[in-house]
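A short write-up of the structure that comes next.
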Amino acid sequence: KETDSNNFGELQASEAMATLAKLLSRSDFLESQYYFRNRAVDSVRKFENDAAVAIQSWFRGCQVRAYIRHLNRVVTIIQKWWRSYLGRKYYQLIVEAAYYTMKMNLYNEMAVRIQRRWRGFRIRKYCFNYYYLKEYLRAVSETNDAIREALEEFAEMKEREERKILLELEEKQKDYQARKTHYLLSTKQRKH
């Protein structure tokens with residue numbers, strides 16, 4: 001068996017040598033065939049490469065457009081959330097302002113009510129108090145009566161004094177007239 005395997009190995013080596021010799025004899029032909037086929041493959045390869053580039057650019061364009069659509073949806077959602085947040089904040093500010101305004105209006109109404117009641121009480125107590133005014137008017141009336149009586153008494157006294165002065169003047173006048181007349185009478189009697 002060893003001889004068979006040695007024979008087989010030799011046979012293979014001789015066949016390889018024969019194949020190599022054959023290839024060397026056809027090397028010029030193979031070389032020209034290699035360049036010819038490579039040129040043909042290069043033209044086909046350029047066409048296939050251009051087609052692959054076109055397919056890749058179309059696919060990448062689809063991917064980019066899909067990503068842009070995705071980003072657009074995401075941005076729209078973010079904008080929607082942000083605008084709703086701003087709307088809620090604005091609504092909250094409006095509600096707080098309305099609450100503050102209502103509270104201030106209520107406080108103003110309460111202050112006006114307190115002021116109205118206080119002013120009414122003060123006016124009724126000091127200006128339009130019926131019993132106080134009645135007492136005041138009675139006191140004024142009594143004072144007026146007392147002053148009137150005093151004035152009447154004073155007027156009567158003045159009148160009496162004036163009458164007395166007038167009577168005294170009349171008395172003086174009469175006395176003077178009487179003396180004058182007496183002198184005249186007494187002188188007339190002597191002449192007669």
Should Y100 and L106 be counted in the same cluster of Ile, Leu, Val, Met, Phe, Trp and Tyr side chains packed under 4.5 Å apart?
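Per the 4.5 Å side-chain linkage, Y100 and L106 are not co-clustered.
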
[atom1]-[atom2] distance between [X] and [Y], expressed to the nearest 0.5 angstrom:
X	Y	atom1	atom2	value
Q63	W58	CD	CH2	10.0 Å
L71	T76	CG	OG1	10.0 Å
K89	W82	NZ	CH2	9.5 Å
N72	I77	CG	CD1	10.0 Å
W81	L86	CH2	CG	14.5 Å
E162	I165	CD	CD1	7.0 Å

Using the side-chain contact (heavy atoms from CB on, under 4.5 Å) rule, take E96 and Q92 through it: C-alpha gap first, then chi angles, then the decisive distance, then the call.
CA-CA 6 Å; E96 286 175 3; Q92 188 177 13; 3.8 Å; yes

Is M157 atom CE crowded by more than 12 heavy atoms from other residues, nucleotides or ligands, each under 6.0 Å away?
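Counting neighbours around CE of M157, more than 12 heavy atoms of other residues, nucleotides or ligands fall under 6.0 Å, so yes.
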
Closer than 4.0 angstrom, basic N to acidic O: yes or no for [X] and [Y]?
X	Y	answer
E135	R138	yes
E168	K172	no
K174	E170	no

Checking side-chain contact (heavy atoms from CB on, under 4.5 Å) for the pair F59/Q56: CA distance, chi angles, key distance, verdict?
CA-CA 5 Å; F59 182 73; Q56 286 173 352; 5.7 Å; no

Determine the minimum heavy-atom distance between R160 and E153, stating which atoms define it.
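Shortest heavy-atom separation between R160 and E153 comes out as NH2-O, 4.4 Å.
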
Any chance you could lay out the side-chain contact (heavy atoms from CB on, under 4.5 Å) test for R148 and L151, step after step, and finish with the verdict?
CA-CA 5 Å; R148 214 175 270 129; L151 284 175; 5.6 Å; no

